[in-house]
J.: 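Mind having a look at this structure? Questions to follow.
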Amino acid sequence: MEIGKKIWVFPDTEMPPAGDSLLKGHESVIILNMNDVPAHAKMTLYFEDREPVTGIEVTVEPRRVRCLRTNNENDFVGFTIPQETQYAICLECDVPVVAQYGRLDTRQDNAAFYTVMGHSC
């Protein structure tokens, strides 16, 4: 039985500034691979005022989860998401996976952390 989908879209993403809290503002894409083979994922980033960024490829090992921090160049193959920039993510995998997006925004005293499932195809 396959669990998950091969395409996930997150249309509302925005890298928050770090903030002054002990917990620093960040966002991440979490990929769960419940298969017996590696999941090879490709990401495309879409922006309002520029061409998409392509070529972001990651592997999630079999029966593992991988958290990709958008402010970590190692996770995004040398690319860093600019702070306070609205964009969207399309995640395409060669095997079905489950994907989730999370954002911690510490611009206010009451930090807000939320996660959302993407639209899957």
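Heavy-atom basis, side chains included; hydrogens, waters and symmetry copies ignored. Note that the coordinates shown come from a computational prediction; the quantities given were computed from them, not determined experimentally.
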J.: What are the two closest non-hydrogen atoms of Trp8 and Val98, and how far apart are they?
T.: CZ2-CA, 3.7 Å

J.: Side-chain contact test, heavy atoms from C-beta onward, threshold under 4.5 Å: evaluate it for Thr44 versus Val53 and give yes or no.
T.: no

J.: To the nearest 0.5 Å, tell me how far Ser28 OG sits from Asn72 CG.
T.: 11.0 Å

J.: Do Phe76 and Ile30 sit in the same hydrophobic cluster, where Ile, Leu, Val, Met, Phe, Trp and Tyr count as joined when their side-chain heavy atoms come under 4.5 Å apart?
T.: yes

J.: With rounding to the nearest 0.5 angstrom, report the CD to SG distance, Glu57 to Cys93.
T.: 11.0 Å

J.: Hey, does Ile31 have a side-chain heavy atom less than 4.5 Å from the side chain of Leu91?
T.: yes

J.: Is it the case that over 12 heavy atoms from other parts of the model lie below 6.0 angstrom from the NE2 atom of His40?
T.: yes

J.: In the single-linkage hydrophobic clustering (I, L, V, M, F, W, Y; side-chain heavy atoms under 4.5 Å), do Val9 and Ile56 co-cluster?
T.: no

J.: Under the salt bridge (charged side-chain N to carboxylate O under 4.0 Å, His left out) test, which residues partner Arg63, sequence neighbours left out?
T.: Asp36

J.: Measure the shortest side-chain to side-chain distance between Asp75 and Arg66 over non-hydrogen atoms and say whether it is less than 4.5 angstrom.
T.: yes

J.: Same hydrophobic cluster for Val95 and Ile7, using side-chain heavy-atom links shorter than 4.5 Å among ILVMFWY?
T.: no

J.: Calculate, to the nearest 0.5 Å, the distance between atoms OG1 and CG belonging to Thr80 and Asn74 respectively.
T.: 9.5 Å

J.: Indicate the atoms forming the closest heavy-atom contact of Tyr101 with Asp12, along with that distance.
T.: CE2-O, 4.0 Å

J.: To the nearest 0.5 Å, what is the distance between NZ (Lys5) and CD (Glu92)?
T.: 15.0 Å

J.: Indicate the atoms forming the closest heavy-atom contact of Thr13 with Glu27, along with that distance.
T.: CB-OE1, 3.9 Å

J.: With heavy-atom distances below 4.5 Å as the criterion, would you say the side chains of Glu61 and Asn33 are in contact?
T.: no

J.: Just so I know, are the side chains of Lys42 and Thr54 near enough to count as touching, which here means a heavy-atom distance under 4.5 Å?
T.: no

J.: Please report the shortest heavy-atom distance between Gln86 and Pro11, naming the atom on each side.
T.: NE2-O, 3.9 Å

J.: Would you compute the distance between atom CD of Glu51 and atom OH of Tyr46 and round it to the nearest 0.5 angstrom?
T.: 10.5 Å

